[in-house]
Amino acid sequence: MSGVVVTNPPKAAAEDVEALAAYGVATVSEAMGRTGLLGPGIRPVQQGVRVAGTAVTVLSWPGDNLMIHAAVEQCGEGDILVVTTTSPSTDGLFGELFATALQRRGVRGIVINTGIRDTQELREMGFAAWSRAVSAQGTVKATGGSVNVPIAVDRQVIRPGDVIVADDDGVVVVPRERARQVAEASEAREQKEAATRAAFVEGQLGLDRYGLREKLKELGVAYQSYDAYTAGERP
């Protein structure tokens, strides 16, 4: 497998990344029309952490982390490393030593579509990570791959410079050209949810706030007392 290391790709504006960092993965995905989510198989190794940053992408051979070494040089302040392989793999391609090098360069975390190891050490050093699997299985450094090329994870295309937002709910990718618009849509959704939350605190029901009583009626859902239901009466 030959490959390429692409240098200095375009990135989403830093202010747009920081704006998106204020919102959770669910809010950002909803603001994009329920798109951009990586699958539920990619899970955090820590809890209570949210990060947002620009993607540095890696395409590696299964069981081979050579291209992660190449990618470290391309990473900088505010980036998130995103790694996948040419075919499925759960080997532990990434661990504490990589995290040490990336943390020194200001990288905010990693999203890896394979295995990860040294998870306790990663939590202790505060390096955020999301992975397909946790595995102590070691790897080799023998096969070429690519850095900063478009990759696909769970049917989502991730390009270098796209925005990655990750938290306890998973990971979402925002195309770099849409970062500002999605941040604004996320803010609008957040304000709407804040109003709804306040209404619920005051006792309003979702059935009334969302106009769902009529929907139930349209669907033929009827209300009936317990006694009538157990007596077999039809509503």
Side-chain angles (χ1 to χ4, degrees), residues 1 21 24-26 28-29 36-75 78-149 151-158 160 162-173:
M1 175 181 174
V25 166
V28 172
S29 177
L37 284 173
L38 275 58
I42 299 208
R43 303 301 305 151
V45 304
Q46 68 284 309
Q47 292 292 305
V49 174
R50 178 188 299 160
V51 298
T54 44
V56 172
T57 61
V58 180
L59 180 62
S60 289
W61 197 260
D64 191 314
N65 67 7
L66 173 61
M67 298 314 296
I68 299 180
H69 284 279
V72 171
E73 184 180 26
Q74 304 305 315
C75 290
D79 286 333
I80 292 178
L81 192 64
V82 185
V83 181
T84 193
T85 49
T86 56
S87 60
S89 173
T90 57
D91 294 341
L93 267 67
F94 186 93
E96 177 242 346
L97 293 179
F98 271 135
T100 300
L102 290 173
Q103 197 170 61
R104 173 66 176 80
R105 302 178 76 86
V107 173
R108 294 175 177 174
I110 184 171
V111 174
I112 186 165
N113 192 28
T114 66
I116 201 167
R117 62 185 188 177
D118 303 332
T119 57
Q120 179 178 341
E121 288 81 1
L122 295 181
R123 288 189 291 269
E124 289 174 350
M125 65 190 291
F127 190 83
W130 287 256
S131 70
R132 176 73 59 186
V134 172
S135 174
Q137 178 62 50
T139 58
V140 299
K141 302 166 182 60
T143 312
S146 294
V147 176
N148 278 334
V149 299
I151 61 174
V153 178
D154 292 338
R155 300 183 179 180
Q156 299 295 335
V157 174
I158 304 170
D162 285 346
V163 183
I164 300 295
V165 182
D167 62 17
D168 289 350
D169 291 337
V171 181
V172 64
V173 54

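FYI, side chains are in, hydrogens and waters are out, and symmetry mates aren't considered; it's all heavy atoms of this structure. Numbering starts at 1 and runs along the sequence shown. Just so you know, these numbers come straight off a predicted model, no measurement behind them.
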S.K.: If you count every heavy atom of other residues, nucleotides or ligands that lies below 6.0 Å from Glu73 atom CD, does the total exceed 12?
M.R.: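 Counting other residues, nucleotides and ligands, CD of Glu73 stays at 12 neighbours or fewer.
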
S.K.: Please answer whether the main-chain N or O of Gly48 pairs with a side-chain N or O of Asp168 as donor and acceptor at a distance below 3.5 Å.
M.R.: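 Checking the backbone N and O of Gly48 against the side chain of Asp168, a donor-acceptor pair under 3.5 Å is found.
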
S.K.: Look only at the side chain of Arg108 and the backbone of Ala128, and say whether a donor-acceptor pair between them is shorter than 3.5 Å.
M.R.: no

S.K.: Got a donor-acceptor contact below 3.5 angstrom from the Gln137 side chain to the Gly115 backbone?
M.R.: no

S.K.: Would you check if the side chain of Trp61 reaches a backbone N or O of Lys141 as a donor-acceptor pair within less than 3.5 Å?
M.R.: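 The answer is no, because no donor-acceptor pair under 3.5 Å joins these two groups.
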
S.K.: Decide yes or no for Ile68 and Phe98: does some side-chain heavy atom of the first lie under 4.5 Å from some side-chain heavy atom of the second?
M.R.: yes

S.K.: Given 3.5 Å as the limit, does a donor-acceptor pair link the side chain of Asp154 with the main chain of Gln156, or not?
M.R.: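 A pair under 3.5 Å: no.
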
S.K.: Does any non-hydrogen side-chain atom of Arg132 lie less than 4.5 Å from one of Thr114?
M.R.: no

S.K.: Looking only at atom types and distance, does a side-chain atom of Asp162 sit under 3.5 Å from a main-chain N or O of Ala55, one as donor and one as acceptor?
M.R.: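 No: the side chain of Asp162 does not pair with the backbone of Ala55.
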
S.K.: Give a yes or no answer on whether the side chain of Arg123 reaches the backbone of Val45 with a donor-acceptor pair at less than 3.5 Å.
M.R.: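 Present.
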
S.K.: To the closest 0.5 Å, what do you measure between CD1 (Ile110) and CZ (Phe127)?
M.R.: 6.0 Å

S.K.: Under 4.5 Å between any side-chain heavy atoms of Val56 and Val147, yes or no?
M.R.: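 Of all side-chain heavy-atom pairs linking Val147 with Val56, at least one is under 4.5 Å.
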
S.K.: First locate atom CD1 of Ile80, then atom OG1 of Thr54, and finally report the distance between them rounded to the nearest 0.5 Å.
M.R.: 7.5 Å

S.K.: Looking only at atom types and distance, does a side-chain atom of Asp169 sit under 3.5 Å from a main-chain N or O of Ala26, one as donor and one as acceptor?
M.R.: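 Looks like no, no N/O pair under 3.5 Å.
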
S.K.: Is Val25 close to Leu37 at the side-chain level, that is, under 4.5 Å between some pair of heavy atoms?
M.R.: yes

